[in-house]
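If you're wondering where the values come from, they're calculated on a predicted model, not measured in any experiment. Heavy-atom basis, side chains included; hydrogens, waters and symmetry copies ignored.
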Amino acid sequence: MSELATSDAAIGEVESAPAPEEPHTKLSVADMCVELGELTGEDVAAKRQSYESLAVRSHMEIGFSPFFDKLSDLRESLSRATVAGKIRGIESWADGTDELKHVYKSWESFVDKLYRINIEDNRHRGEPPYELTTRERAAKAKETQQSEWVTVANAHAYVDDIVRTKFVVPFADAVTEISDRLKGTANELQLPNYRRYHAKDSGYHAHHVYVLMPIPAADGSEAEVTLEIKVLTKLQDTLAELTHLLYELKRTNRLTPQKKRKLAWMFDDPDFIASYVGHTAHYVEASLVNLKTELDKLDGKPSAES
């Protein structure tokens, strides 16, 4: 798989916050690079420019792709639609973004991801992981027979959130509806894709759709980079921003992670609050969907209208 390169100036934006995940290490990014290098034989720190060239070029190519045009059309359609009266069919992001923006994964987050794949989540410690490629995930493979180190050079075949965007919706039932439409659009354009249903201990609930996009390399060859599209409610988007702050506090050892069963009885712990607020919010949002449905029946109108 060819490594992408570009001499273009940095285009677009680096991500602001990844989806909440459990922190895995108290190491610095530099320490992770050293440990990864000792295992994989790749000088990870020296590959930063190579990765950022890949990320920037992928961001640019995806933004000009027919699939992204379809995403723009969908968001525009949702912005004109109303649900349950006068409620707009699309929401702004928690940070105030009110457009279809896509961002690329920061170097620090990328190294963190390599560390998790090769070391923290690797069940074959000290040996290359058996990690599904994005192609295998799109083909619904349950396991892979191939093991190799995931490095900067081949990461685009494994890491599925180098470029990402999201659709924030007012009601939880639209999460399924929109993610179905995204998969349908990818299928129409014959782009490999897959979906994950997120319901994390942290309280985070969302659908993530992953679409494999062809990206031309500088040498004329072609590689695939995966676009991650989150579909979630405004409340869950806000919670994701808050739990990312928690993640950073735990990753940098300013907050000690607790075991789930112990955490359930630590009522004043920020992790407890975030987790149970998230799960409660999901229940409340389901109740809002039921209320909307009943009101639509009484009003004699469909649940969505242009």
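A salt bridge links R75 to D98: at least one charged side-chain nitrogen sits closer than 4.0 Å to a carboxylate oxygen. Using a 4.0 Å cut-off between charged nitrogen and carboxylate oxygen, E131 and R123 do not count as a salt-bridge pair. The residues R116 and D112 are annotated as salt-bridged, a charged nitrogen and a carboxylate oxygen being separated by less than 4.0 angstrom.
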Subject >> Verdict with reasoning, E108 to R48, per salt bridge (Lys or Arg N to Asp or Glu O under 4.0 Å) >> reply: CA-CA 10 Å; E108 293 76 13; R48 177 170 183 165; 3.7 Å; yes
Subject >> side chain to side chain contact (heavy atoms under 4.5 Å, CB included) between T82 and I87, worked out >> reply: CA-CA 5 Å; T82 56; I87 300 172; over 6 Å; no
**OP:** Run the numbers on V175 and E285 for side chain to side chain contact (heavy atoms under 4.5 Å, CB included), then give the verdict.
**Re:** CA-CA 11 Å; V175 172; E285 291 193 312; over 6 Å; no
**OP:** Mind running side chain to side chain contact (heavy atoms under 4.5 Å, CB included) on L39 and R125 for me, showing each step along the way?
**Re:** CA-CA 10 Å; L39 275 177; R125 292 294 179 90; over 6 Å; no
**OP:** Verify side chain to side chain contact (heavy atoms under 4.5 Å, CB included) between S65 and M213, making sure each step is shown before the conclusion.
**Re:** CA-CA 9 Å; S65 69; M213 308 285 289; 3.2 Å; yes
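Within the 3.5 Å criterion, the main-chain N or O of V289 finds a donor-acceptor partner in the side chain of T293. H59 contributes a side-chain N or O that, together with a main-chain N or O of H102, makes up a donor-acceptor pair within less than 3.5 Å. With hydrogens and angles ignored, the 3.5 Å screen pairs no side-chain donor or acceptor of R88 with any backbone N or O of P170. No side-chain donor-acceptor contact under 3.5 Å links D180 to the backbone of E177. Proximity of a side-chain donor or acceptor of D237 to a complementary backbone N or O of W93 within less than 3.5 Å is not detected. Under a 3.5 Å cut-off, the side chain of E61 and the backbone N or O of I215 do not form any donor-acceptor pair. In terms of modelled atom types and a separation under 3.5 Å, the side chain of T165 and the main chain of K101 share a donor-acceptor contact.
Grouped by direct or indirect side-chain proximity (heavy atoms under 4.5 Å, Ile/Leu/Val/Met/Phe/Trp/Tyr only), Y194 sits with Y210, L212.
Within 6.0 Å of NZ in K70 there are 12 or fewer heavy atoms belonging to other residues, nucleotides or ligands. Remark: F267 CZ is packed, more than 12 non-hydrogen atoms of other residues, nucleotides or ligands lying under 6.0 Å away.
For the pair L78/I178, a side-chain contact is recorded, criterion being any heavy-atom separation below 4.5 Å from C-beta on. Counting heavy atoms from C-beta on, the side chains of L71 and T185 never come closer than 4.5 Å. Counting heavy atoms from C-beta on, the side chains of P214 and L191 come closer than 4.5 Å. The shortest distance between side-chain heavy atoms of V168 and I90 does not fall below 4.5 Å. Side-chain contact between T238 and E241 is absent, with no heavy-atom pair separated by less than 4.5 Å. For the pair V277/L242, no side-chain contact is recorded, criterion being any heavy-atom separation below 4.5 Å from C-beta on. For the pair S58 and H156, the minimum side-chain heavy-atom distance is 4.5 Å or more.
Hydrophobic clustering (side-chain heavy atoms under 4.5 Å, transitive across Ile, Leu, Val, Met, Phe, Trp, Tyr) groups L36 together with V29. Follow the hydrophobic side-chain contacts under 4.5 Å out from W265 and you reach Y276 in the same cluster. Criterion: ILVMFWY side-chain heavy atoms under 4.5 Å apart, direct or through other members. Under it, V163 and L189 are part of a common hydrophobic cluster.
Here CE of M32 is found 9.5 Å from CG of L114. Values are rounded to the nearest 0.5 Å. Here the straight-line distance linking atom CG of L132 with atom NZ of K142 works out to 10.0 Å at 0.5 Å rounding. Within the model, atoms CD of E99 and OG of S72 stand 10.0 Å from one another, a figure rounded to the nearest 0.5 Å. Atom CZ of residue R164 and atom NE2 of residue H208 lie 8.0 Å apart, to the nearest 0.5 angstrom. Atom CD1 of residue I162 and atom OG1 of residue T226 lie 7.5 Å apart, to the nearest 0.5 angstrom. For the atom pair I117 CD1 and W149 CH2, the distance stands at 12.0 Å (nearest 0.5 Å).
P128 and S147 get closest at one heavy-atom pair: O-CB, 3.7 Å. K166 and I229 get closest at one heavy-atom pair: CA-CG2, 4.5 Å. Between G89 and V169 the shortest heavy-atom distance is O-CG1, 4.3 Å. The minimum heavy-atom distance between Y204 and Q236, with the atom names listed, is CA-OE1, 3.5 Å. Taking all atoms of both residues into account, the shortest heavy-atom contact from N193 to A186 is ND2-CB, 3.5 Å. Between A206 and L232, the shortest heavy-atom distance links the atoms CB-CB, 3.7 Å.
With F110 as the partner, the ring-ring contact (aromatic ring centres under 6.0 Å, His included) test is satisfied by one option alone out of Y158, Y104, Y51, Y115: Y51.
Under the side-chain hydrogen bond (donor to acceptor under 3.5 Å, both in side chains) criterion, T144 pairs with E136, not counting sequence neighbours. Annotation: side-chain hydrogen bond (donor to acceptor under 3.5 Å, both in side chains) contacts of S179 (sequence neighbours excluded): R195, H207.
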